[in-house]
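Side-chain atoms are counted along with the backbone in the values below, which use heavy atoms only and exclude waters and symmetry mates. We count residues from 1, following the sequence as given.
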Amino acid sequence: MSILIKRYNDYDKLQLQKLLSVCKDGEDLINIVKSPACQFTYIACIENELVGVAVGWESTFHPYCMYFRIVSHPLYEKDGVNEALLKKIESLEHVNKPLQTSIWNHAEKLNDLYERAGFELIRKTYLPTLVVSSVESNKYITRKDDFVLQTLAEIRKDEVLTKQLTELVRSNYEASHRGNPVVTAPLEKWKKLIFADDTIVEGSYLYVDQVKKKIIAYSFLHESDEANTYELGWCGCANDALKKWLPQLVQEQVNYAQQKGIQMINGEFDTTDDYAMEVLKSFPFSFDSTWMTYRKCR
């Protein structure tokens, strides 16, 4: 079959919506296509039927790569649609940033395509769920006398500790994203990210060394769009030697969730983040899919 690759136009919208409704992994792409961040959209057609799409966009927070996604109708995957769309992307002369994409581990054909095309797997992201009732209420609670447990709400009242926390969060995030660097941003922006509208400041916990007046570890909790569910946010420590304190903070969050009648806690854990991996291995999370992120330099 002959594959025609062409630029997307508004009159293709209905066909694109139909395609994305069939390919559930691409349901969010229609919003990216309409976004100002979108840099290109190409469609693949066979006999005037839209059977695949490639979308590229940029991020203001991670500005040093070109994100893209390729989605094709499952009935046409074997006809070279994905290959044709990737070839088109790689031929774009105005795209001079590294190419980066993420797909589910069960998308075997796309995983194989990217590996054959020279893309490097830079990280895996686990998106597990923790059943709150499956965790013993005091499994990890072994307090140290000179470490004080505090909430994010309490830390917020102390300008010195808030600044220290913000610097630590920024440093840890940058360290776990060296493969895809973050934009240089003022500390105030990072503070706003920490104290976002969905952050549960009373359920986000920190250990503070009261002798040295230093933050030892932190773990944030967030509201979720799902009913009876919370989400774990950023977590980290002042250094790797303190990782053992993270499970205690998450234990406090589990206890907090139980008190609020919450049944589930969702997480998002990157393999490039040692602190997140410490939490993942410490609790009985369950997951069946993994988000695979590939990158290729131009």
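Judged purely by atom type and a 3.5 angstrom limit, Asp79 has no side-chain atom pairing as donor or acceptor with the backbone of Val81. Side chain of Lys88 to backbone of Ile5: no donor-acceptor contact under 3.5 angstrom is found. A donor-acceptor pair is defined here as one N or O able to donate and one able to accept, closer than 3.5 Å; such a pair exists between the side chain of Lys97 and the backbone of Pro63. Listed for the Gln15 side chain is a donor-acceptor partner under 3.5 Å among the backbone atoms of Leu50.
Distance check, rounded to the nearest 0.5 Å: CH2 of Trp291 to CD of Glu268 gives 10.5 Å. Rounded to the nearest 0.5 Å, atoms CG (Leu19) and OH (Tyr76) are 10.5 Å apart. To the nearest 0.5 Å, atoms OG (Ser134) and CE (Met264) are separated by 8.5 Å. Residue Asp274 holds its CG atom at 10.5 Å from SG of Cys235, rounded to the nearest 0.5 Å. For the atom pair CD1 (Ile70) and OG (Ser72), the distance works out to 8.5 Å, reported to the nearest 0.5 Å. Rounded to the nearest 0.5 Å, atoms CD (Glu108) and CG (Asn111) are 8.0 Å apart.
Transitive grouping of hydrophobic side chains (ILVMFWY, heavy atoms separated by less than 4.5 Å) brings Leu75 and Val51 into a common cluster. Leu149 and Trp245 fall within a single hydrophobic cluster, where Ile, Leu, Val, Met, Phe, Trp and Tyr are joined by side-chain heavy atoms under 4.5 Å apart, directly or via other members.
Taking a 6.0 Å sphere around CG of Asp225, one finds it holds 12 or fewer heavy atoms contributed by other residues, nucleotides or ligands. Other residues, nucleotides and ligands place no more than 12 heavy atoms under 6.0 Å from the NZ atom of Lys124. In Lys191, the NZ atom is not crowded: 12 or fewer heavy atoms of neighbouring residues, nucleotides or ligands sit closer than 6.0 Å. Sparse packing is recorded around CG of Asp10, with 12 or fewer heavy atoms of other residues, nucleotides or ligands lying under 6.0 Å away. More than 12 heavy atoms of other residues, nucleotides or ligands shown are found within 6.0 angstrom of CG on Asp240. Residue-environment remark: CG (Asp197) stays at or below the threshold of 12 foreign heavy atoms within 6.0 Å.
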Under the side chain to side chain contact (heavy atoms under 4.5 Å, CB included) criterion, do Leu20 and Gln17 qualify, and how do the steps go? CA-CA 5 Å; Leu20 297 181; Gln17 289 177 327; 5.9 Å; no

Test side chain to side chain contact (heavy atoms under 4.5 Å, CB included) applied to Ser204 and Thr199, step by step: CA-CA 8 Å; Ser204 298; Thr199 303; 3.9 Å; yes

Lys163 and Glu167: CA distance, side-chain angles, deciding distance, salt bridge (Lys or Arg N to Asp or Glu O under 4.0 Å) verdict: CA-CA 6 Å; Lys163 182 175 183 291; Glu167 291 173 340; 2.6 Å; yes

Kindly indicate, with the supporting measurements, whether the criterion side chain to side chain contact (heavy atoms under 4.5 Å, CB included) is fulfilled by Gln100 and Ile122. CA-CA 9 Å; Gln100 183 165 314; Ile122 64 170; 3.7 Å; yes

Would Phe269 and Phe285 count as a ring pair (Phe, Tyr, Trp, His ring centres under 6.0 Å) here? Give the steps. CA-CA 11 Å; Phe269 304 114; Phe285 286 97; 5.3 Å; yes

Could you walk me through whether Lys213 and Val160 pass the side chain to side chain contact (heavy atoms under 4.5 Å, CB included) test, one step at a time? CA-CA 9 Å; Lys213 301 299 180 184; Val160 174; over 6 Å; no

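In terms of heavy-atom proximity, Gly52 sits nearest to Leu85 at C-CD1, 3.8 Å. In plain terms, the two heavy atoms of Asn172 and Cys237 that are nearest each other are ND2-O, 3.2 Å. Residues Gln253 and Leu232 approach most closely at OE1-CD2, 3.3 Å, considering heavy atoms. In this structure, Ser224 and Thr229 approach most closely via the heavy-atom pair CB-O, 3.3 Å. The two atoms that bring Glu58 and Cys65 nearest to each other are CG-O, 4.5 Å, heavy atoms only. Taking all atoms of both residues into account, the shortest heavy-atom contact from Arg7 to Asp12 is O-OD2, 4.2 Å.
In this structure, the side-chain contact (heavy atoms from CB on, under 4.5 Å) partners of Gln210, at least two apart in sequence or on a different chain, are Val148. Scored by the side-chain contact (heavy atoms from CB on, under 4.5 Å) test, Ala257 finds Val132, Tyr230, Ile262, Ile265 as partners (sequence neighbours excluded). Shown here are the side-chain contact (heavy atoms from CB on, under 4.5 Å) partners of Ser35, two or more places apart in sequence or in another chain: Ala37. With sequence neighbours left out, Lys260 forms a side chain to side chain donor-acceptor pair (under 3.5 Å) with no residue at all. Residues meeting the side chain to side chain donor-acceptor pair (under 3.5 Å) test with Ser176, sequence neighbours left out: none. Contacts of Val95 classified as side-chain contact (heavy atoms from CB on, under 4.5 Å), with partners at least two apart in sequence or in another chain: Phe40, Met66, Leu92, Leu99, Arg298. Residues meeting the side chain to side chain donor-acceptor pair (under 3.5 Å) test with Arg178, sequence neighbours left out: none. Residues satisfying the side chain to side chain donor-acceptor pair (under 3.5 Å) test with Glu115, not counting sequence neighbours, are Tyr294.
Contact annotation: the side chain of Tyr205 never approaches that of Gln248 to less than 4.5 Å [non-hydrogen atoms, C-beta and beyond]. Between Asp28 and Arg69 the shortest side-chain heavy-atom distance falls below 4.5 Å.
Below 30°, between 30° and 60°, or above 60°: for Tyr126 and Phe287 the angle between ring planes is between 30° and 60°, a tilted geometry. Using cut-offs of 30° and 60° for the angle between ring planes, the Phe68 and Tyr114 rings count as perpendicular.
Other members of a hydrophobic cluster containing Tyr11 are absent, since no ILVMFWY side chain comes under 4.5 Å of it, directly or through relayed contacts. Other residues sharing the hydrophobic cluster of Phe195, ordered by chain and number and joined by side-chain separations under 4.5 Å: Phe61, Leu152, Ile155, Leu161, Leu165, Leu168, Val169, Tyr173, Val182, Val183, Trp190, Leu193, Ile194, Val201, Leu206, Val208, Ile215, Tyr218, Phe220, Trp234. Applying the 4.5 Å side-chain rule to ILVMFWY residues, one finds that Leu187 remains a lone member of its cluster. In this structure, Leu4 stands alone, with no Ile, Leu, Val, Met, Phe, Trp or Tyr side-chain heavy atom under 4.5 Å from its own, directly or through other members.
Under a 4.0 Å N-O distance rule, the pair Lys87/Glu83 does not qualify as a salt bridge. Contact check on Lys18 versus Glu49 returns no salt bridge, with no Lys/Arg side-chain nitrogen under 4.0 Å from an Asp/Glu carboxylate oxygen.
At a cut-off of 3.5 Å, with distance as the only test, no side-chain donor of Ser286 or Thr129 sits close to an acceptor on the other residue. At a cut-off of 3.5 Å, with distance as the only test, a side-chain donor of Gln251 or Asn255 sits close to an acceptor on the other residue.
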